[in-house]
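Structure record follows, encoded as structure tokens.
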Amino acid sequence: MAAIEPSIFGTLFERGLDPNQREQLGAHYTDPASIMQLVNPVVLDPLREEWRLQQIELLH
């Protein structure tokens, strides 16, 4: 199972829906790399910086 690219399941999911229904539901598969392009700068980078500052405060 590890040799299977996970994005294939997203493609199968999208293609399995009726195009009109897919549009109404807003159903769209987004690959993990694209998701992380948003999650890293918006969520993870600020959180990591906050943790870094907290560690500095704990050391003083």
Side-chain angles (χ1 to χ4, degrees):
M1 185 75 172
I4 297 173
E5 172 61 38
S7 63
I8 190 69
F9 297 110
T11 301
L12 291 171
F13 167 72
E14 281 188 25
R15 292 192 179 172
L17 293 174
D18 175 273
N20 294 325
Q21 184 183 30
R22 185 174 68 224
E23 184 176 330
Q24 289 174 355
L25 295 172
H28 177 73
Y29 173 77
T30 305
D31 65 281
S34 295
I35 292 169
M36 294 313 291
Q37 284 182 331
L38 179 65
V39 171
N40 273 325
V42 174
V43 178
L44 295 180
D45 292 346
L47 188 57
R48 287 182 184 118
E49 177 63 13
E50 184 177 328
W51 288 342
R52 187 185 70 77
L53 292 173
Q54 290 297 320
Q55 287 177 335
I56 289 172
E57 287 181 14
L58 289 174
L59 293 174
H60 289 111

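As a basis for the values below, the full set of heavy atoms in this structure was taken, side chains included, without hydrogen atoms, waters or symmetry mates. Residue numbers start at 1 and run along the sequence shown.
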Set of side-chain contact (heavy atoms from CB on, under 4.5 Å) partners for Val43, sequence neighbours left out: Val39
For Pro41 against Pro46, the heavy-atom pair lying closest together: O-CD, 3.3 Å
Single-linkage hydrophobic cluster, 4.5 Å side-chain cutoff, Ile35 and Val42 together: yes
Partner residues of Glu49 under the side-chain hydrogen bond (donor to acceptor under 3.5 Å, both in side chains) criterion, sequence neighbours left out: Arg52
Test side-chain contact (heavy atoms from CB on, under 4.5 Å) applied to Leu59 - qualifying residues, sequence neighbours left out: none
Salt bridge (Lys or Arg N to Asp or Glu O under 4.0 Å) against Arg48, all qualifying residues, sequence neighbours excluded: Asp45
Straight-line distance of Leu38 CG to Leu44 CG, nearest 0.5 Å: 10.0 Å
Pairs flagged by salt bridge (Lys or Arg N to Asp or Glu O under 4.0 Å) wherever residues 29-43 is involved - sequence neighbours left out: none
Name each donor-acceptor pair under 3.5 Å that joins a side chain in residues 9-18 to protein atoms two or more places apart or in another chain, with its distance.
residue	atom	partner	partner atom	Å
Thr11	OG1	Ser7	O	3.3
Glu14	OE2	His28	ND1	3.0
Glu14	OE2	Tyr29	N	2.5
Asp18	OD1	Asn20	N	2.9
Asp18	OD1	Gln21	N	3.1

